[in-house]
Protein chains: 2
Amino acid sequence: MDSDASFNNGHEPTISDVAYRAGVSIRTVSRVLNNSPRVSDDTRARIEQAITSLSFRPSLRARALATGRSFLIGIVHNDRNALVLDTVQRGVGREATRRGYEVICHSTPLEEEGAIEDVLAFTRRSRIDGLIVLPPVSGIIGLPQALQAEQVAAVALSAVPINGYGSIILSREADAAGAVADYLVALGHQRIAMVTGPQSMISAIERRRGFIEALDRNRVALLHEIEGDYSLASGVAAAEKLLSLSPLPTAIFAANDIMAAGVLKVASERRIAVPSPLSVVGFDGSLVAELLTPALTTVARPFGEMAEIATHQLINLVEGQPLPQAAPPPLRLLIAQSTTASPIGDCPEF
Amino acid sequence: MDSDASFNNGHEPTISDVAYRAGVSIRTVSRVLNNSPRVSDDTRARIEQAITSLSFRPSLRARALATGRSFLIGIVHNDRNALVLDTVQRGVGREATRRGYEVICHSTPLEEEGAIEDVLAFTRRSRIDGLIVLPPVSGIIGLPQALQAEQVAAVALSAVPINGYGSIILSREADAAGAVADYLVALGHQRIAMVTGPQSMISAIERRRGFIEALDRNRVALLHEIEGDYSLASGVAAAEKLLSLSPLPTAIFAANDIMAAGVLKVASERRIAVPSPLSVVGFDGSLVAELLTPALTTVARPFGEMAEIATHQLINLVEGQPLPQAAPPPLRLLIAQSTTASPIGDCPEF
DNA sequence: AACGCTTTAGTTAGCGCTATCATTTATTGC
DNA sequence: GCAATAAATGATAGCGCTAACTAAAGCGTT
């Protein structure tokens, strides 16, 4: 008795509306929806036509129930990513949409152990098929194992390779920091200081390592370094120390744009002009860089594309398809007004 | 034949596992899950105990299929919200989690007609139960009607009341801008200029109106105004004109923090010190405000709480519960280093 | 033309819930 | 004490899909 399938009475079209319209069984429609090869071209065309004319879209939730999959992928991040979150989210969204998935976003308060529980609760609640983990959450020890135990496919953006994730998209902190070092040396700077990030965080360790190693390659020694915690206040505190050095550094590299903003603040307070005698470089390529005065030279990683790649990998993982190792998209050194050639001779005294 | 319900064989526990464990029918478990009153305290306790001990969580997707609801709510925004998006998202997330919903986020490229189609496609794809629309998307003419036609419950954050949404949470642009005007006048400023937002956008119109009306109330006339488009470049361009006026304004109010950053840039270039002789005020209370030099006085709206309220209203709407009119959370004028008393005038007589 | 083999299409049993109806059991009035 | 009513619980039909399993049709072979 399929008498009621004959009308599209107002409600959303279902697979049986399509089947009726195309004069086939729902099984065959299902085959078309799932790209099964066992359908004749003729039938397929008729079904596709019916789908279009009814503007039918398979219900994700019915499909989810039947397959045991949700067609949902999650993003976990933490508060500090606010500035790149939007970019990442959109990148994930692009690829997810392309492949028929939806995206759910979750922000966790990063308290090491607490965060693991929090993420697990999120995955259970939302029943996502796969998870994209952004740093610094991705660096939490034990998280990939916990996710594995819960059968959640996970792909991470991370500064360094980590065991346990299905795939890692490297954020190339070290390379990007190295590019900054090369750039500063090319400008003739020899007295270079750095405000590092918190050395408990992998990203910060890598930025420092990449910067110092590149300086080494250029046979330049790091004049001085002070550890910050990525906050504005710590940037200010570090700059106060660095700008009390004598002679002054000619360039300061801050491990993120926010701390660099702090450096600019102190420089301004002490009437040390930027970019000369003091060049300042930030890190992240965030929106704030161009808003500062002077606009901050910084280095941007292609987070949008990285997110797309991560999503691609994740869905491949979920669907059991091969994981091609894509070439990483290029870094971009965004040169602005906060850097210039090293002043000839020594810095003036103040 | 329920022989297989007796073991919890590895897989996620289902409602029948719970029913078996508690020695009742699944119907009764379902009642407990849905807070139906028609269950004895004794049975309820036994079922709740079984739920806990199995750490059972009802499958959203099965529930979705059975009820025709998805327990998903969406957020639509556009690129320009990046700075507050995170706050809003977290606010929505808090309330949504509390009430058993998940959140899906969608960013649309705001092209008036295009955006409507884009949002509709999003709602159809994700089958959300309700939608939270952020400005400026919420101001798109015809969108609430289009959503109504698709049966999507929608609540908007908006600068002004709009017909068609289930509920509106006012962003109080005018009030906040008025607070800035009051503050500047209290500081003794009489020559006040404004960089407005694009007068095609409601938020910008309201900010301008609120500012001017408050000045009027204080018997101060707006010295000059220039329309920007919320971008850095437009802020710079506007400042170049305003800072060529003679005599100079003693205070400039920019309709968002980004344009205010532009004003600071030009002031710095022309060696006009901020906050004296020139005070600068931004709008939004965004992260960038404190990063600028000098830190920008700005006004923050409680978007996190507004988002929570909006979500509360939305879920009430979806579930057919009453919509209480909550008192709006307070605005916060964030006074920083970019403002000080007017260098010339003393305070007005009243 | 009868046979097997491949290709295409249909039948149908769930997926884990909700909610309509029916049924059983406790409570109350007179 | 017994019908009448209320309260608590159970049996079960879907929700819109997927995916075994089954059936029919096309097509060379000998």
Side-chain angles (χ1 to χ4, degrees), chain A residues 1-2 4-5 8-9 11-47 50-51 54 56-72 100 124-125 127 129 319, chain B residues 1-5 8-47 50-51 54 56-71 100 124-125 127 129 319-320:
Chain A
M1 258 53 74
D2 66 330
D4 58 319
N8 180 0
N9 359 260
H11 54 42
E12 286 276 287
T14 73
I15 194 172
S16 23
D17 294 323
V18 175
Y20 180 87
R21 176 75 158 252
V24 297
S25 75
I26 63 169
R27 177 66 245 255
T28 306
V29 176
S30 174
R31 283 197 184 87
V32 170
L33 292 178
N34 292 283
N35 296 312
S36 158
R38 304 247 153 283
V39 181
S40 70
D41 292 347
D42 176 51
T43 310
R44 180 184 302 275
R46 225 170 47 250
I47 292 175
I51 288 176
L54 291 171
F56 162 82
R57 284 170 178 285
S59 156
L60 275 196
R61 49 206 199 218
R63 182 178 274 184
L65 190 56
T67 57
R69 301 196 357 232
S70 64
F71 297 91
L72 249 33
R124 274 194 287 258
R125 242 188 304 113
R127 315 250 170 158
D129 289 338
E319 300 186 342
Chain B
M1 257 58 75
D2 66 329
S3 55
D4 59 316
N8 180 359
N9 355 262
H11 55 43
E12 285 276 288
T14 72
I15 195 173
S16 23
D17 294 324
V18 174
Y20 180 86
R21 176 76 158 250
V24 297
S25 75
I26 62 170
R27 179 64 246 255
T28 306
V29 177
S30 174
R31 282 198 185 87
V32 170
L33 292 178
N34 293 282
N35 296 312
S36 159
R38 305 247 153 282
V39 182
S40 70
D41 293 346
D42 175 52
T43 310
R44 181 184 301 274
R46 227 170 45 249
I47 292 175
I51 288 176
L54 292 170
F56 163 82
R57 283 170 178 284
S59 155
L60 274 195
R61 48 204 199 222
R63 182 178 276 185
L65 190 55
T67 57
R69 303 197 353 235
S70 63
F71 297 91
R124 274 194 286 254
R125 244 189 301 115
R127 313 246 172 165
D129 289 337
E319 299 185 342

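Lettering follows sequence order; numbering is per chain, from 1.
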DNA chain D nearest-nucleotide lookup for B:V39 and A:L33: closer to the 5′ end is B:V39
Taking CZ from B:F56 and P from C:dC17, how many angstroms apart are they, rounded to a whole number? 4 Å
Output the rounded distance in Å from CD1 (A:I15) to P (D:dA19). 11 Å
Check the distance between C:dA9's P and A:Y20's OH and give it to me in whole angstrom. 19 Å
Is the shortest side-chain N/O distance from B:S30 to OP1 or OP2 of C:dT18 below 4.0 Å? yes
So does A:A22 get a backbone contact from the side chain of A:R46, meaning a donor-acceptor N/O pair under 3.5 Å? yes
What is the distance from CD1 of B:I26 to P of C:dT20, rounded to the nearest Å? 15 Å
Check the distance between C:dA9's C1' and A:R46's CZ and give it to me in whole angstrom. 11 Å
Please determine if a side-chain N or O atom of B:S59 lies less than 4.0 Å away from the OP1 or OP2 oxygen of C:dC15. no
Atom-pair distance (CZ on B:R31; P on D:dA8), nearest Å: 10 Å
Is the phosphate of D:dG10, meaning OP1 or OP2, less than 4.0 Å from a side-chain N or O of B:T28? yes
Would you say the side-chain atoms of A:S59 pair up with the backbone N or O of A:A62, donor to acceptor, closer than 3.5 Å? yes
Contact nearer the 5' end of DNA chain D, comparing A:T67 with B:T43: B:T43
Quick one: does A:P58's side chain get under 4.5 Å of A:I15's, heavy atoms only? no
May I have the distance from A:R61 (atom CZ) to D:dG14 (atom P), rounded to whole angstrom? 19 Å
Hey, is the main chain of A:R69 close enough, under 3.5 Å, to the side chain of A:D129 for a donor-acceptor pair? no
Indicate, with a heavy-atom threshold strictly under 4.0 Å, whether B:F71 touches base, sugar-phosphate, or nothing. nothing
Side-chain touch A:R63/A:L33, heavy atoms, less than 4.5 angstrom: yes
Could you tell me how far apart A:R27 (CZ) and D:dA20 (P) are, to the nearest whole angstrom? 9 Å
Counting only side-chain heavy atoms from C-beta out, which of D:dT9, C:dG16, D:dT18 sits nearest to B:S40? D:dT9
Among D:dG16, C:dT18, D:dT18, the nucleotide that comes nearest once only the side chain of B:R63 is considered: C:dT18
